[in-house]
Amino acid sequence: MGQGSEKNYVWVFKGERIILKGKDICYVHTEQRKIFVHTYQKTYRVGGSLKEEEEKLKDLPMVKTHNAYLVHLDYLESISIRGAVLKNGVCIPVSENRWKKVRETVEKYYYDKLRSRHKIQENDAKLQKQTDFSQ
């Protein structure tokens, strides 16, 4: 997960303080000038604009799939020009003019994630060999 995944994000809306860990945010969307932050369990209404939310959540692996949607890449199950499907089954629109950028962002994110996982496995294997050798 990205560096902002463990970070707490705070919103205050109509006197209610909303505190969420980055890893719990599935997606953010705007509808009729209202902003909603979605987790697996709940949807929260927050103030501001999607542009402000995009800035606030910049440390998270998020991609703007549509003028009204920001999606956390760790919750993405599949993506095509027809839309993005999250692991909880929610379908998110992907606008035609954003498709190329979205696809490139998703591919790079998962390539980098796979590469870092591979490096960790290589380091674990080296440590195991060193441990086995010293015994």
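Predicted model only: the values in this text are computed from it and were never measured.
With rounding to the nearest 0.5 Å, the separation of SG in C26 from CD1 in I92 is 9.0 Å. Once rounded to the nearest 0.5 Å, the distance linking CG of N8 with CD1 of I18 reads 13.0 Å. A distance of 8.5 Å separates CG of L57 from NZ of K7, quoted to the nearest 0.5 Å. The CG atom of L86 lies 11.5 Å from the CG atom of D74; values are rounded to the nearest 0.5 Å. A distance of 10.5 Å separates OG in S49 from CD in E55, rounded to the nearest 0.5 Å. Separation of atoms OH (Y75) and NE2 (H38) is listed at 13.5 Å; rounding is to 0.5 Å.
Two residues are said to be in side-chain contact when any heavy atoms from C-beta on lie closer than 4.5 Å; K101 and V63 fail this criterion. Looking at heavy atoms from C-beta onward, R98 lies in side-chain contact with N67 at the 4.5 angstrom threshold. Looking only at side-chain heavy atoms (C-beta outward), H66 and V94 stay at 4.5 Å or farther from each other. Residues R17 and V10 meet the side-chain proximity criterion, which asks for heavy atoms closer than 4.5 Å. For the pair V85 and V90, the minimum side-chain heavy-atom distance is 4.5 Å or more. Side-chain contact between V46 and V28 is absent, with no heavy atoms from C-beta onward closer than 4.5 Å. Proximity of Y9 to K21: side-chain heavy atoms (C-beta onward) are nowhere separated by under 4.5 Å.
Of all heavy-atom pairs spanning P61 and Y109, the tightest one is CB-CE1, 3.4 Å. Nearest heavy-atom pair, V102 versus K64, reported as atom, atom and distance to 0.1 Å: CG2-O, 3.5 Å. Across K23 and E6, no two heavy atoms sit closer than the pair CD-OE2, 3.5 Å. The two residues N88 and Y40 come nearest to each other via the heavy atoms N-OH, 3.3 Å.
By the neighbour-count criterion of 12 heavy atoms within 6.0 Å, atom CZ of R45 is densely surrounded, having more than that number from other residues, nucleotides or ligands.
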Dump the intermediate steps for side chain to side chain contact (heavy atoms under 4.5 Å, CB included) on Y110 and L76, then the final yes or no. CA-CA 11 Å; Y110 282 101; L76 199 57; 4.2 Å; yes
Please assess F36 against Y27 for the test ring pair (Phe, Tyr, Trp, His ring centres under 6.0 Å), listing each intermediate value before the final yes or no. CA-CA 8 Å; F36 300 91; Y27 68 100; 9.9 Å; no
Decide salt bridge (Lys or Arg N to Asp or Glu O under 4.0 Å) for R103 and E107; before the verdict, give the C-alpha distance in whole Å, the side-chain angles of both, and the deciding distance to 0.1 Å. CA-CA 6 Å; R103 189 186 75 225; E107 286 174 358; 3.7 Å; yes
Using the rule given for side chain to side chain contact (heavy atoms under 4.5 Å, CB included), can you reason through M62 versus V71, listing the C-alpha separation, both sets of side-chain angles and the distance that settles it, and then say yes or no? CA-CA 5 Å; M62 301 287 273; V71 176; over 6 Å; no
As a quick check of understanding, evaluate side chain to side chain donor-acceptor pair (under 3.5 Å) for E53 and W11, giving each step before the final call. CA-CA 10 Å; E53 297 312 313; W11 294 267; 2.6 Å; yes
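Checking side-chain atoms of T39 against main-chain N and O of I25 turns up no donor-acceptor pair under 3.5 Å.
L20 is not connected to V12 by any chain of hydrophobic side-chain contacts under 4.5 Å among Ile, Leu, Val, Met, Phe, Trp and Tyr, and they are in different clusters.
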